[in-house]
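First listed ligand is number 1; within each ligand, the first listed atom is number 1. What you see below is based on every heavy atom in this structure, not just the backbone, and it leaves out hydrogens, waters and symmetry mates.
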Amino acid sequence: MSDQSYSCRCDHFRALLCPRVCTGPKRSVRRHVESSWCAYAHRATDGSEARSGAPTKMEWTTAPGTGPGAELIGDDLRGWRILELGCGAGHNTAHLADRHAARAVGIDACAHQIRRARSRYTPQLSTAVFRCSDALTALRVPGPDYDAICSVFGAVGLIDPDHLLPLIVRRLRPGGVLAFSVPHPFRPGHRPSPDGSPVPDTLIVPGPLHLPVSRWELDANRWADLLTRVGTQSVRIMEFGVPGRPPAARATLLLRAIKASE
Ligand SMILES: C[S@@+](CC[C@H](N)C(=O)[O-])C[C@H]1O[C@@H](n2cnc3c(N)ncnc32)[C@H](O)[C@@H]1O
């Protein structure tokens, strides 16, 4: 790994990429994850620089242009308060605000991602707000309930769901929607965690730099059980591959659930 030569300007990039951190207590693992994601933010490009304005479609999968768009959240999102956890450079949050007139908030633990989102979208979009925050912290900030909370390969799956899901559900209004995508636990070379504990994964960015992260790689039924346990219903499970690859090569797992009415 060429970690030594890597220089990051992110506020969260304090722990650096020290392998010792991986084996430390849980708190250290989280700091380590933030560090890898910040390094990822600086190195990975998503090809969006050439595009002007917010994307015309919300993307939930690894194959842009495939899968549902924002209608997965709801048919008419005008005025909806929607929180995106782990928004990265803010494209989906911007789409929700721009194309659906939602009051959208995107949060990300990496300050560099939030700087990218703000410089790209804040000047044009008054209804999209971007904040640098860990997802657990953001959900604990008091405020009105959200109509929907979403995550696109974002914080859901990167934080212990036993901590995250109850907080999400607490911040949704009754009937509010939770929708999230995660890398498919049966994507080539991977298997779900047998006991629900986090498993190591690697982000590979130009360099090449191999960035270790932890993921809660749960199979669809385990996610559905967790969602039901924390008080959501009508859980929908969707799976997507990548066009041109064998159908068995699943890439994205997408779930949608509704907070039960009180
Ligand atoms: C694979 S990127 C996805 C970004 C964006 N949702 C997208 O689809 O382009 C994962 C994002 O989650 C963020 N993230 C990781 N852990 C987080 C946490 N605990 N709280 C908030 N954001 C987190 C990372 O900084 C990163 O920007």
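Atom CZ of R236 is separated from atom CD1 of I258 by 9.5 Å, given to the nearest 0.5 angstrom. If you take CZ on R116 and CG on D108, they are separated by 10.0 Å, rounding to the nearest 0.5 Å. Taken from CH2 in W223 to CG in L253, the straight-line distance is 8.5 Å, to the nearest 0.5 Å.
In terms of N/O distances under 3.5 Å, ligand 1 is not approached by W37. For a threshold of 3.5 Å applied to N or O pairs, the pair formed by L85 and ligand 1 contains no separation below that value. The N/O atoms of D108, backbone and side chain alike, include one that comes under 3.5 Å of an N/O atom in ligand 1.
Of the candidates T62, V213, T93, L158, L158 brings a heavy atom nearest to atom 14 (N) of ligand 1. Relative to atom 22 (N) of ligand 1, the option among S36, A109, G154 with the closest non-hydrogen atom is A109.
Annotation: side chain of I114 is not in contact with side chain of R131 (no heavy-atom distance under 4.5 Å). Between L218 and P192 there is no side-chain heavy-atom pair separated by less than 4.5 Å. A heavy-atom distance below 4.5 Å is found between the side chains of I168 and L85.
The distance from ligand 1 to the heavy atoms of C110 drops below 4.0 Å at these ligand atoms: 25 (O). Near E84, the atoms of ligand 1 lying under 4.0 angstrom from a non-hydrogen atom of the residue are 6 (N). For ligand 1, the atoms sitting less than 4.0 Å from at least one non-hydrogen atom of S133 are 21 (C), numbered in the order shown with element in parentheses. Within ligand 1, counting atoms from 1 as listed, the ones closer than 4.0 Å to a heavy atom of Q113 are 27 (O). Taking a cut-off of under 4.0 Å to the non-hydrogen atoms of D134, the atoms of ligand 1 that pass are 18 (C), 19 (N), 20 (N). Listed by atom number, the atoms of ligand 1 under 4.0 Å from F153 heavy atoms are 1 (C), 2 (S), 3 (C), 10 (C).
Contact annotation: for S151 versus ligand 1, there are no heavy atoms closer than 4.0 Å. At a heavy-atom distance under 4.0 Å, only backbone atoms of C87 (N, CA, C or O) approach ligand 1. The parts of V152 lying near ligand 1 are both backbone and side chain, judged by heavy-atom distances below 4.0 Å. At a heavy-atom cutoff of 4.0 Å, ligand 1 is contacted by no atom of H91, backbone or side chain.
Put simply, the side chain of T252 gets close to the backbone of T62: a donor and an acceptor are under 3.5 Å apart. At least one donor-acceptor pair under 3.5 Å links the side chain of K259 to the backbone N or O of V169. A donor-acceptor pair is defined here as one N or O able to donate and one able to accept, closer than 3.5 Å; no such pair exists between the side chain of R256 and the backbone of V177.
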> When you look at L226 and W216, which way does the side chain to side chain contact (heavy atoms under 4.5 Å, CB included) test go after all the steps?
Replying inline: CA-CA 12 Å; L226 286 177; W216 273 259; over 6 Å; no
